[in-house]
Amino acid sequence: MADARVLLGRPVANQITDSVLERCNAFEIKFKRKPRLGVVTIDSPASQSYLKTINSTCGKTGCEVIEIPLGSDPSPESLAGIISPLNDDPKIDGILVQTPLPKSVTTDQIGSIVDRMKDIDGITPYQAGLLFRGSKNALVPPTARAVMEILGFYRIGIQSQEVIIVGRSLVVGKPLGILMLGLNATVTWCHSRTLSLSTISKRAAVLVAAIGKPNFIDSDYVRPGATVIDVGINVDEHGTLLGDVDMQSIDSIAAAYTPVPGGVGPVTSACLFANLLDAAEARMKSG
Ligand code: NAP
């Protein structure tokens with residue numbers, strides 16, 4: 001097979017940020033203020049790098065970002081002390097608590113504090129419930145939304161296709177599978193206890209890797225002609241960014257794949273702002 005097509009994230013992200021910019025301008029004219037994102041920041045290299053991307057994407061969308069540091073060892077009480085003012089501030093439309101979280105707090109705890117109408121990360125039980133029910137109004141975790149945007153942009157149809165997702169986290173694997181099911185894909189989730197992973201993954205017309213292990217998926221896991229979506233972001237000891245997929249190994253087998261860097265990552269931060277506009281517009285509509 002010839003070399004695979006590389007599905008770049010930048011054109012997808014640009015299309016999304018252009019549309020967010022338009023919506024943001026209309027929002028500002030109507031409500032005399034810009035949509036505003038509150039980011040609770042974590043002091044780690046990965047989070048700081050994501051924060052840079054958020055601020056740079058924000059610049060293209062006309063939205064506003066404010067940063068509130070979480071501190072190194074927050075208790076559930078101090079977490080509530082940081083998030084509650086954001087919940088109560090009428091000028092904050094969306095709240096994002098960065099990861100990786102310190103050991104003292106969990107995603108569930110955050111999901112129980114964040115105002116469900118400002119939950120642009122899709123972690124509250126309310127938003128997860130809307131997604132599960134197939135509601136078009138759900139605020140979907142940005143990474144899952146990003147993968148769907150990439151498939152749509154490059155016209156990779158998943159209806160009636162077998163999709164295998166390796167990873168079942170609350171913010172990536174699970175919501176993505178539900179979205180794909182909604183488009184009539186036949187979805188299988190795999191995880192760390194899956195037996196004979198490569199036998200299963202080789203069935204996939206679309207294979208998604210959301211594992212967090214550098215270069216884990218190689219040619220042994222990929223069916224000839226498959227589309228491979230690499231969600232992984234890993235940093236090696238030299239500071240190099242690596243995906244979960246060994247791009248060189250699959251290049252002559254897959255039909256198409258997203259690279260790391262430059263694939264899902266930029267689309268995710270664009271989708272974060274698309275979610276912010278969804279949340280801002282919905283809040284203002286409901287008064
Ligand atoms: P996570 O919460 O750590 O989940 C990892 C998943 O991979 C789990 O479901 C785990 O299975 C599964 N897994 C681990 N080892 C495995 C193995 N040997 N075989 C099969 N499955 C295995 O991570 P996450 O938050 O979903 O993130 C996944 C990756 O995406 C990370 O690299 C993260 O940095 C990256 N990420 C990227 C973006 C982006 O914008 N591109 C956004 C978010 C995250 P169990 O459930 O059994 O433990």
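Both counts, for ligands and for their atoms, begin at 1 and track the order of listing.
Nearest protein heavy-atom neighbour of atom 31 (C) of ligand 1: Gly212 CA, 3.6 Å. Of the protein's non-hydrogen atoms, Ser192 N, 3.2 Å is the one closest to atom 11 (O) of ligand 1. Atom 4 (O) of ligand 1 has its closest protein heavy atom at Ser169 CB, 3.9 Å. Nearest to atom 21 (N) of ligand 1 among the protein's heavy atoms is His191 C, 3.1 Å. Counting only heavy atoms of the protein, atom 46 (O) of ligand 1 lies nearest to Arg168 NE, 2.7 Å. Atom 27 (O) of ligand 1 has Val172 CG2, 4.3 Å as its closest protein atom, hydrogens excluded (heavy atom only). Given atom 43 (C) of ligand 1, the protein heavy atom at minimum distance is Thr143 OG1, 3.6 Å.
Against a heavy-atom cut-off of under 4.0 Å, Phe216 is close to the following atoms of ligand 1: 17 (C), 18 (N), 19 (N). Near Asn234, meaning under 4.0 Å from any of its heavy atoms, are these atoms of ligand 1: 32 (O). Taking a cut-off of under 4.0 Å to the non-hydrogen atoms of Thr268, the atoms of ligand 1 that pass are 39 (C), 40 (O). Listed by number with element, the atoms of ligand 1 under 4.0 angstrom from any heavy atom of Lys213 are 14 (C), 15 (N). Per-residue contacts place Val166 under 4.0 angstrom from the following atoms of ligand 1 (heavy atoms of the residue considered): 20 (C), 21 (N). Close contacts of ligand 1 with Gly167, meaning ligand atoms under 4.0 Å from a residue heavy atom, involve 6 (C), 7 (O), 9 (O).
Heavy-atom contacts from other residues, nucleotides or ligands closer than 6.0 Å to CZ of Phe132 number 12 or fewer. Heavy atoms from other residues, nucleotides or ligands lying under 6.0 Å from CD of Glu22 number 12 at most.
Checked by distance only, ligand 1 and Asp244 stay at 3.5 Å or farther apart across all their nitrogen or oxygen atoms. Taking only nitrogen or oxygen atoms, main chain and side chain alike, Val231 reaches within less than 3.5 Å of ligand 1. The shortest N or O to N or O distance between Ile233 and ligand 1 is under 3.5 Å. The shortest N/O to N/O separation between Arg193 and ligand 1 does not fall below 3.5 Å.
A chain of hydrophobic side-chain contacts below 4.5 Å, direct or via other Ile, Leu, Val, Met, Phe, Trp or Tyr residues, connects Leu70 to Ile68.
Classification of Arg23 and Asp278 as a salt-bridged pair holds, one side-chain N sitting under 4.0 Å from a carboxylate O. Ionic pairing of Lys118 and Asp89 is not present here: no N-O contact between side-chain nitrogen and carboxylate oxygen is shorter than 4.0 angstrom. Between Glu64 and Lys34 there is no salt bridge, since no side-chain nitrogen of the basic residue lies less than 4.0 Å from a carboxylate oxygen of the acidic one. A salt bridge between Glu28 and Arg33 is absent, with no side-chain N of the basic residue lying under 4.0 Å from a carboxylate O of the acidic one.
Close to ligand 1: Ala210, with a non-hydrogen atom less than 4.0 angstrom away. For Thr194, the heavy-atom gap to ligand 1 stays at 4.0 angstrom or more.
Under 4.0 Å from ligand 1, heavy atoms of Ile211 appear from its side chain as well as its backbone.
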> Between Ser44 and Ser47, does a side chain to side chain donor-acceptor pair (under 3.5 Å) hold up when you go through it step by step?
Replying inline: CA-CA 5 Å; Ser44 84; Ser47 306; 3.0 Å; yes
> Going through the distances and angles, do Asp218 and Ser249 end up as a side chain to side chain donor-acceptor pair (under 3.5 Å)?
Replying inline: CA-CA 5 Å; Asp218 61 18; Ser249 168; 4.9 Å; no
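Residues Gln161 and Ile156 have side chains not in contact (no heavy-atom distance under 4.5 Å, counting atoms from C-beta outward). No side-chain heavy atom of Val147 sits less than 4.5 Å from a side-chain heavy atom of Thr258.
There is no side-chain donor-acceptor pair under 3.5 Å between Asp244 and Asn215.
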